[in-house]
Asks: 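Please see the structure below; I have some questions.
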Amino acid sequence: MPYSVDDEEWTYPPQNPMRLPKQTPTDDVDGIRRRSSMSSDRTIDVPDEESFNLEKSVRVLKKRRNTARIKPRSLGVGFRNLTVTGLGSSESYIPTVGSIFNPRVILEQVQKIRHPAVRRILSGFQGVVRPGEMLLVLGSPGSGCSTFLKCLVGQRKEYHSVDGDVCYDSMTLEEMQTRFRGDLQYCPEDDIHFPSISVHDTLSFAAAARTPRDRAGESKREYTEKIVNILASTFGLKHTLSTPVGDNMIRGVSGGEKKRVSIAETLSARGCIAAFDNSTRGLDSSTALEFIQALRTATDELQTTTIVSLYQAGESLYEYFNKVCVIYEGKMAYYGPASEAKQYFIDMGYQPANRQTTADFLVAVTDPKGRIPRPGISNQPRTADEFATYFRRSMHGQRNAGEVQLYMNFCVNNELLRNAYIQSATAEFSRHSQSGSPYLLNLAEQVAIVMRRRVQILRGNMLATFLLLFTFTFQAIVMGTVFLHTKAVTSGFFARGSALFFTVLFNAITSMAEIPALYSQRPIILRHQKGGLYRPFVEALALTLVDIPITAVITIVYSSIFYWLVGFQRSVSQFALFNLFTIGISVAMKAWFRGLSAAFASEAAAQSLAGISALILILYAGYTTPRPTMIGALRWLVYVNPLKYGFEALMTNEFHTLKAECSNLVPQGPGYHNVTLANQVCATVGALPGQSFVNGNRFTELSFEFKYSRLWMDFGIITAFFGGFLGALLIFTEYNTSMARDTPVVRWKRGAQVKRSDNNITTGGDDDEERGAAGASTTTYPPPPQMRRFKSSSKAPQQTDVFSWRGINYTVPIPGQTDRQLLSDVSGYVAPGKLTALMGESGAGKTTLLNVLAMRTADVGVVSGERLVNGQALPADFQSQSGYCQQMDTHVPTSTVREALLFSAKLRQPPSVPLAEKEAYVERCLEMCGLKEYADAAVGTLNMEHRKRTTIGVELAARPKLLLFLDEPTSGLDSQSAWAIVSFLRSLADSGQAILCTIHQPSAELFQVFDRLLLLKKGGKTVYFGDVGPNASTLIRYFEKNGARKCPPEANPAEYMLGVIGAGATASRSMDWHDVWVNSPEARALQRELEEIHKQGRSRKVSTELRTEFATPWFFQLRELIRRDAEAHWRDPTYIAAKMVLNSIGGLIVGITFLKSKNSQQGIQNKLFAIFMATVLSVPLSNQLQVQFINMRTVYEVRERPSRMYSWTALLMASILVELFWNVIGSFFLFVSWYWTIGFENGRAGYTYLMLGIVFPLYYGTLAQAAALMAPNAEIAGVLFSFLFSFVVTLQVD
């Protein structure tokens, strides 16, 4: 029977019983999709980006699958009364070391555990997204967009509870998660990839992991390469396929290209339902449009279900969507056809601003400060609850409810749909795949592809492997020469044992260096697991399998040098056994430390337990404390210690064939010359009367209770330990994929006035939803400042100097290829009081030009051309007189906003400026940036907009005299936040500040704010430089008179110009607009303007304000850096507590092991080993502090060094002094729990404390920081420290 709602009828059942009818998007926009309208049945070859046609390629794929009788499938999603609850947070203050001991804070934490605060993130959502439909999700940051997307694709574990009905046609969420998880794909906002592997390998891995069993006659390799080529051509990545993805330390693709890699990776997984969370961040408008076009094509041709959340969505993007969902503070303000949403809100009583895009208007109505009521209407909904109620009662809400009811009635428990889907989905699973597994590949295939990726990771980061090989090789030479040619006499027994013990010890402490790397890759593994690519434990298994031969090779190299230099038994079998057991010890210890890392969410906790466990394992290996002398209550530790069995095997293997001549027969000497051997005895353990030698077997058995007969039993036990540790590693990796992360709740300095609102859902952090235990903030964000507010705010200093550049070229070398020119003959200028935009497609060289102009390029490549101020050479302190706001907001996360700005003002303004004036100017900057309410909030807990404001404020606090550079200040922000930032920049320019700013995806009204434009195309070639003009008339007139198509009145000029020049991944162009510019009158006029600027400017002297490299004296820098570093440590109680626990428990363990050692020969040896083992604690302590030091160094290298803020030596000294303070406190606990427990004399306690409690922390702290200085990351820093510290071990063992 028919079902109708509000004049729209759906026939039930539909003509196709598998599908419900869908709403179609509006017609093609301005011919944008005309290139995709062609069809062809030709075979797909490796596509060329210029001629590639996605729609054609997809149709060929469909035809092949149909010919091979591969059954297609699709899924829709319906939801009703969807309500998401997250854990709240009653703690909104920055944690400190003092708060650990604060009774009030402790009681608050206990109360929080007993009665956790909960809050609703989403409430009462209902709707349907059918196959072939695209849903656009809109809302302000904090409204719950990401939560909505995650819940629709089944990623719910991070939330306290999710209620309501969600079904995927006839499939339940439980069935999808347990059996068909890969059909639900989510592309997060952050780009998380392995940085050392190439773009090609990244995409091919995802395609291989989701390769179906039936591939229409293609091999797995052919299928994977075809998918990679199609996606690379679609998103303009073919030229980057061999380039590493990269990160902050590894040079790779650009930010926009990295975002496209994330999108392509998600699409390569072939999900039936795909959710993309703000995936246009960092993309130019043309590339973003091509991304949406690609989604539209795939959605139409493959009947997929696509859900996208976007910020700053242009009109051309919006019109590709069938439906839109508007979220207002966790409530559904609208859900329905995208073409009707604008009129719905107009009828409600709100009107769009002039030239405001539909998407911006829909978001603006949810902002009390951004919406515009229609004149004459006063009863509009105003709160989120009122908006939701209004929608439910409206015609659109009733129609939506009816559609949901129809969907539920038809699809739920529909066996026809269910069987068809299951039949198609199960046909893709590999043979021998586990029954009920959500992964397409069987376990062996998963291991194979992950092992291949692990090899690619190692190949892309050979530095770590070669450094490890060098460390073992060099250490083998050093230790081998220390014990060079140890003679086969009893006096060499101790040396042989020490050499063998060093082998065990060195392998143990070196294995700890892997812990940081395991934590850095955990988010990637978690994302792949959620996407149904492979089981998490497969990554751990692959890591182990790939690492075993590498470990074996490194160990054999070490053994081949060390074994023969020391002069161990010259037997092939014994040398082979030495290698075998050394490899066994190494792989077992690596499995142990990896297992510990997998068991803990916090890296600091894992480092602490790893240090304590390493101490116990070394202590009870049977050398420093032989088993006969151990305390009975702790003797059981020997039996659960893999190092004991390894050391026993090495000792018995060496001493088994050793008959050592006695070095000390008694009696002997003067008066005993004629004493025969029958009347002498050897003074070495194991000697027998009447023998001048000592049997090695007897020595090891009596001294250590080691027996050669247990050699292979020891190997079996080591293997069993390895298997157990590996099993624990696999289990923890599979089930403990979470990480301890900073909460997204805004945290405040204690004593600050915090505004609270029980209903507010906005939080800090990168995402706009609460992540389970992270909880909701009850903090209220102030509304984004509007332009009128800025006009009445404080003014920036007036400027008169003009910065210009002419003929800028930049070329970088590419290994194995010809040099690549990134910038080509770029000229222009920035005048005071003018806001200049730097635009172009992704990869055009915008950030590169900005870095070149700001003199912030790395020491790679060649820069040519002129950079001038008033036509004269740049002053020596140019970097100090200019500000640079990077795209990445790099700050010390524990500093408050006011502290960050004041730190910049103190160190970058001249010392002649009084402190009171600097502090007053900081308050002005806080006001100008709209950060007054956030002055006492920790920077690391702010949301993206306010972190961006903080970045700008930090540069303004330095009072840049010349100009301000900004790189993508609106990237990742919603339209309201972007408008607030650009309005703020406009106010700065109006007050005389010269500003050069790169920008992506500006709306028409945003674009109008800029005065001038520098437009680049790929290759860093100029396409246009000049005025924008009122309503972009000057810019549009330039392109139209040179042959471009007419710009429609309603079009966005920014999108228009990028479309004209052929920007985008697969765009084509009819003319070379760079040649047009070079031969244009505007280019010649620019050269004349530059000459005039230079002529006038040469009459004015450009002063160098600073006579030294830095604005402030070295000791002043040191004082401020100590203050900041001390605050950072004080506000990191987890790190400090881990340090104190490691010292206290470590000292106690050593003390109890050698409890009350007597002054006998064995007792003195025990005391010596107690001192030695106390120093071993420095290894895990150093690994901890290296992570902190590298994090602070990153802030310096990325932002503070290029700004000439302070000296590198001042940072080092401050880090040393602050770390020394806490290390001395930790060593105090070590000393107290260690010294008197062992039984040292009281009279020497003072000197011992001086050496162990003060000098030794200074030594290992500086050594650890020196190792970190030489390393690009914490993993390599740990290897370097282990290498350097091994020399300390060498001296002590010797």
Asks: Give the C-alpha distance, both sets of side-chain angles, the deciding distance and a yes or no for side-chain contact (heavy atoms from CB on, under 4.5 Å) between Leu1015 and Phe1039.
Replies: CA-CA 12 Å; Leu1015 183 60; Phe1039 283 106; 3.8 Å; yes
Asks: Can you tell if the side chain of Leu1014 reaches within under 4.5 Å of the side chain of Thr1022, non-hydrogen atoms only?
Replies: yes
Asks: Counting distance only, does the side-chain N/O of Lys961 pair as donor-acceptor with the main-chain N or O of Phe878 below 3.5 Å?
Replies: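 No, Lys961 side chain to Phe878 backbone: no donor-acceptor pair under 3.5 Å.
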Asks: Donor-acceptor pair, distance only, cut-off 3.5 Å: does the side chain of Lys258 make one with the backbone of Gly246?
Replies: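 Such a contact is found between Lys258 side chain and Gly246 backbone.
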Asks: Could you tell me whether the side chains of Ser309 and Asp277 share a donor-acceptor contact shorter than 3.5 Å?
Replies: yes
Asks: Using a 4.5 Å cut-off on heavy atoms from C-beta on, say whether the side chain of Pro832 contacts that of Asp801.
Replies: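 Counting from C-beta outward, Asp801 and Pro832 never come under 4.5 Å.
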Asks: Any idea which heavy atoms bring Ile1036 and Asn1031 closest together, and the distance?
Replies: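 Closest approach of Ile1036 to Asn1031, heavy atoms only: CD1-O, 4.1 Å.
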Asks: Could you check Leu1086 against Glu1082 for side-chain contact (heavy atoms from CB on, under 4.5 Å), going step by step and ending with a plain yes or no?
Replies: CA-CA 6 Å; Leu1086 171 62; Glu1082 287 81 3; over 6 Å; no
Asks: Quick one: are Lys1021 and Val1078 in side-chain contact, heavy atoms under 4.5 Å?
Replies: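 They are not in side-chain contact.
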Asks: Apply side-chain hydrogen bond (donor to acceptor under 3.5 Å, both in side chains) to residues Glu1092 and Gln1096 and explain how you reach the verdict.
Replies: CA-CA 6 Å; Glu1092 185 64 24; Gln1096 294 179 3; 2.8 Å; yes
Asks: Out of the candidates Asp967, Asp889, Thr890, only one should pair with Thr951 under the side chain to side chain donor-acceptor pair (under 3.5 Å) rule; please name it.
Replies: Asp889
Asks: Is the shortest heavy-atom distance from the side chain of Leu985 to the side chain of Phe1010 under 4.5 Å?
Replies: no
Asks: With a 3.5 Å distance limit and no angle check, can you tell me whether His1074 reaches the backbone of Val1023 through a side-chain donor-acceptor pair?
Replies: no
Asks: Give a yes or no on whether the backbone of Gly807 and the side-chain of Ser827 come within a donor-acceptor separation of less than 3.5 Å.
Replies: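 Checking the backbone N and O of Gly807 against the side chain of Ser827, a donor-acceptor pair under 3.5 Å is found.
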Asks: With a 3.5 Å cut-off and no angle check, do the side chains of Arg856 and Ser1203 form a donor-acceptor pair?
Replies: yes
Asks: Salt bridge check, Arg806 against Glu1091: does any charged N sit closer than 4.0 Å to a carboxylate O?
Replies: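 Salt bridge between Glu1091 and Arg806, a charged N being under 4.0 Å from a carboxylate O: yes.
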Asks: Using 0.5 Å steps for rounding, measure from the CG atom of Leu203 to the CD1 atom of Ile197.
Replies: 9.0 Å
Asks: Write down the atom of Gly883, the atom of Pro960, and the distance for their closest heavy-atom approach.
Replies: N-CB, 3.6 Å
Asks: Is there a side-chain contact between Val852 and Ile808, using heavy atoms and a 4.5 Å cut-off?
Replies: yes
Asks: Write down the atom of Ala1051, the atom of Cys1047, and the distance for their closest heavy-atom approach.
Replies: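 Answer, listing the atom of Ala1051 first, then Cys1047: CB-SG, 4.0 Å.
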Asks: Evaluate the side-chain proximity of Met1071 to Val1076: yes if any heavy-atom separation is below 4.5 Å, no if none is.
Replies: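 SC-SC contact between Val1076 and Met1071 confirmed.
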Asks: Rounded at 0.5 Å granularity, tell me how far OH in Tyr320 sits from CG in Leu295.
Replies: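 Nearest 0.5 Å value for the OH-CG distance: 11.5 Å.
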Asks: Where do Thr357 and Ala313 come nearest, in terms of heavy atoms and distance?
Replies: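 Looking at all heavy atoms of both residues, the closest pair is OG1-O, 3.6 Å.
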Asks: How long is the gap from SG on Cys997 to CG on Leu963, to the nearest 0.5 Å?
Replies: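 If we round to the nearest 0.5 Å, Cys997:SG and Leu963:CG are 12.0 Å apart.
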Asks: Backbone N or O of Phe1025 within a donor-acceptor pair of the Tyr1038 side chain at under 3.5 Å?
Replies: no
Asks: Set out, in order, the CA-CA distance, both residues' side-chain angles and the distance that settles side-chain contact (heavy atoms from CB on, under 4.5 Å) for Tyr810 and Asn851, then state yes or no.
Replies: CA-CA 11 Å; Tyr810 182 45; Asn851 288 332; over 6 Å; no
Asks: Answer yes or no: is there a donor N or O on one side and an acceptor on the other, between the side chain of Ser1033 and the main chain of Gly1029, under 3.5 Å?
Replies: no
Asks: Quick one: do Asp191 and Arg260 make a salt bridge, cutoff under 4.0 Å?
Replies: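 Here Asp191 does not pair with Arg260 in a salt bridge, since their nearest N and O are not under 4.0 Å apart.
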Asks: Between Gln821 (side chain) and Thr811 (backbone), is there a donor-acceptor pair under 3.5 Å?
Replies: no
Asks: Any donor-acceptor pair under 3.5 Å linking the side chain of Glu955 with the backbone of Tyr884?
Replies: yes
Asks: How many angstroms lie between atom NZ of Lys846 and atom CG of Leu850, to the nearest 0.5 angstrom?
Replies: 10.5 Å
Asks: Please confirm whether the backbone N or O of Arg1201 pairs with a side-chain atom of Arg1204, one donor and one acceptor, at under 3.5 Å?
Replies: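 Here the side-chain-to-backbone pair exists.
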Asks: So which heavy atom on Ser268 is nearest to which on Leu231, and how close?
Replies: CB-CD1, 3.5 Å
Asks: First locate atom CD1 of Ile457, then atom CZ of Arg459, and finally report the distance between them rounded to the nearest 0.5 Å.
Replies: 11.5 Å
Asks: Validate the cation-pi geometry between Arg453 and Phe205: distance from NZ or CZ to the six-membered ring centre under 6.0 Å, angle to the ring axis within 45°.
Replies: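 Judged by the rule, Arg453 and Phe205 form a cation-pi pair.
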Asks: Within the distance-only criterion (no hydrogens, no angle test), does the side chain of Asp1011 pair as donor or acceptor with the backbone N or O of Leu835 below 3.5 angstrom?
Replies: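 Yes; judged by distance alone, with no hydrogens or angles, the pair exists.
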Asks: Side chains of Thr848 and Val812, heavy atoms from C-beta outward: is any pair under 4.5 Å?
Replies: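 No, too far: nothing below the 4.5 Å cut-off.
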Asks: Any chance you could measure Asn1042, atom CG, to Glu1040, atom CD, to the nearest 0.5 Å?
Replies: 10.5 Å
Asks: Quick one: which of Lys56, Arg296, Arg59 gives a salt bridge (charged side-chain N to carboxylate O under 4.0 Å, His left out) with Glu301?
Replies: Arg59
Asks: Do His200 and Gln456 have side-chain atoms, one donor and one acceptor, less than 3.5 Å apart?
Replies: no
Asks: Under a plain distance cut-off of 3.5 Å, with no hydrogens placed, do Glu1089 and Tyr829 share a side-chain donor-acceptor pair?
Replies: yes
Asks: Counting C-beta onward and ignoring hydrogens, is there a side-chain heavy-atom pair between Leu823 and Asn809 closer than 4.5 Å?
Replies: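 Sidechains of Asn809 and Leu823: no contact.
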Asks: Do Tyr1024 and Thr1034 pass the side-chain contact (heavy atoms from CB on, under 4.5 Å) test, and can you show the C-alpha distance, the side-chain angles, and the key distance before you say yes or no?
Replies: CA-CA 11 Å; Tyr1024 178 79; Thr1034 305; 3.8 Å; yes
Asks: Please find the pair of heavy atoms, one from Leu996 and one from Trp805, that lie closest to each other, and give the distance.
Replies: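 Looking at all heavy atoms of both residues, the shortest contact is CD2-CH2, 4.2 Å.
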